[in-house]
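A quick write-up on the structure given underneath.
Residue numbers begin at 1 in each chain, while the letters A, B, ... track the order of the sequences. Just the heavy atoms: all of them, side chains too, but no hydrogens, waters or symmetry mates, feed the values below.
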There are 2 protein chains.
Amino acid sequence: MPKPTFYNLKEEKKRRIFQAAVQEFASHKFSEASLNRIVKTAKIPWGSFYQYFDNKEDLYLYIIKELSKYKWDALEQAGVDNIDGDFFNIIREKLIALIELRKQNPDYAHIALLQEMDDSDFIRKVRGDSTKRWKEIIERDKKSGLIKEEIDADVMIDMFYSFLLLNFYRTGLDDEEKFMATLDEAIKIMREGVSVR
Amino acid sequence: MPKPTFYNLKEEKKRRIFQAAVQEFASHKFSEASLNRIVKTAKIPWGSFYQYFDNKEDLYLYIIKELSKYKWDALEQAGVDNIDGDFFNIIREKLIALIELRKQNPDYAHIALLQEMDDSDFIRKVRGDSTKRWKEIIERDKKSGLIKEEIDADVMIDMFYSFLLLNFYRTGLDDEEKFMATLDEAIKIMREGVSVR
DNA sequence: GAAGGATATGAGATGGTTCTCACAATTGCA
DNA sequence: TGCAATTGTGAGAACCATCTCATATCCTTC
């Protein structure tokens, strides 16, 4: 985490550093992000950087934490957590909220995705385990007779997660409609299957 | 592509360079692979490398091409292309053959995967469009009444592809059984859906 | 306004990368 | 064998990365 010196900085300077880091981490995965560019963009001297942070990892962790805070705040405000509906409805609503979020701050969303795609050991450590909540929802849906008892929740989440990862990543900001259409088709397939009965 | 000088090399030396490159590209994505390590492992002087190849990209393209040749040869020998069955059966058989291949040469398979995960512009250009064949199979299955007409083949392939990518990637060599179990569960979900009818 | 701790600063240390080039060695052929 | 063409060689150029450190400057408090 940042050193006290960083927190003592004037807001304007803190913001400049934060913005520069976000910009860099949004356009390069962690391993390829350059402190050189960050300090240049933020217009702070090299030495200063090490007054504020221990190293690149330190900065990255800080940025990730801040963006995560921002994301959960926004999702909470959108009231996404108390939707009644099955697994698919909830995930769909959440994605709509995330798309909205991305519209306001494309860089923020992009960092989260790069983080997922980057498979370095360090990044793996950072990646949280967010599947637990989804598993609970699926089990609940099984109990209420919406989802077949014999379905493996882990596989189901895995399918959805990998699908979202690649699609959200590939789809630019521009093509929200196409993303939603693809998503709905995928939900249909997972709900009903592809086989003719 | 390699310079003529490379092809004129003695087999032993060619093999040494090829092996060193495979080893490096199997353990690092393209952008992080180091020529330094490659020439060291291959035990060739720095200058020699540039007698054989234009640069790192040139070497990488060559390796990819060779491995692709190897892969298709092996799949053909396994007689994977003339299986009668639906989309899922064919893809399942092909994966079994690929797992076999990976057993013999883990590095080769790993390179193919790193290639898929690496999203640099250069790598994107290299990535072939292998979805066309799968689309044909799905359309055939629609005609023969196995798959619902209204299913979007692109989305179906996308779901499967992204699922495989992440799972094949995550699953080590050790856990073939678990991978197959997960795969079969995913096929079941895509075939029949998760909803209770 | 002087003292002293906190902060700012950027040159350069250090180590990594790709790639070049002048020359040495080897090979193939007349 | 002798000459020309091909190939081998490794030191180092050029660049870029992270990180340190001695010194300058600012800022607070008495």
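Here the side chain of B/Ser48 is nearest to one of D/dG8, C/dA8, D/dA17, namely D/dG8. Side chain of B/Lys13, nearest nucleotide from D/dC19, C/dC19, D/dG8: D/dG8. The nucleotide whose nearest atom lies closest to any side-chain atom of B/Gln51 is, among C/dT17, D/dT9, C/dC19, D/dT9. In the set C/dT18, D/dT20, C/dT17, the nucleotide with an atom closest to the side chain of B/Arg37 is C/dT17. When each of C/dC19, D/dT18, D/dT9 is scored by its nearest atom to the side-chain atoms of B/Pro45, the top-ranked nucleotide is D/dT9.
To the nearest 0.5 Å, the span separating OG1 on A/Thr182 from CG on B/Asp158 amounts to 7.5 Å. Expressed to the nearest 0.5 Å, how far CG of B/Asp184 lies from CZ of B/Phe88 amounts to 11.5 Å.
Each of A/Ala33 and A/Lys10 was matched to the nucleotide of DNA chain D holding its nearest heavy atom; the match closer to the 5' end belongs to A/Ala33.
Using a 4.0 Å cut-off, no side-chain N or O of B/Tyr50 falls inside it from OP1 or OP2 of C/dT20. An OP1 or OP2 oxygen of D/dT7 is reached within less than 4.0 angstrom by a side-chain nitrogen or oxygen of B/Asn8. For the OP1/OP2 pair of D/dC16 and a distance below 4.0 Å, the side-chain nitrogens and oxygens of A/Asn36 include no atom meeting the criterion.
B/Tyr52 and B/Tyr7 have their aromatic ring centers separated by at least 6.0 angstrom. Taking the six-membered ring where the residue is Trp, the centroids of B/Phe53 and B/Phe6 are separated by under 6.0 Å.
Among the heavy atoms of the strands, none lies under 4.0 Å from A/Lys3. Residue contacts for A/Tyr52: at a heavy-atom cut-off of 4.0 Å it reaches the sugar-phosphate backbone alone, with no base atom in range. When heavy atoms are screened at a 4.0 angstrom cut-off, B/Leu9 is found touching the sugar-phosphate backbone but no base atom.
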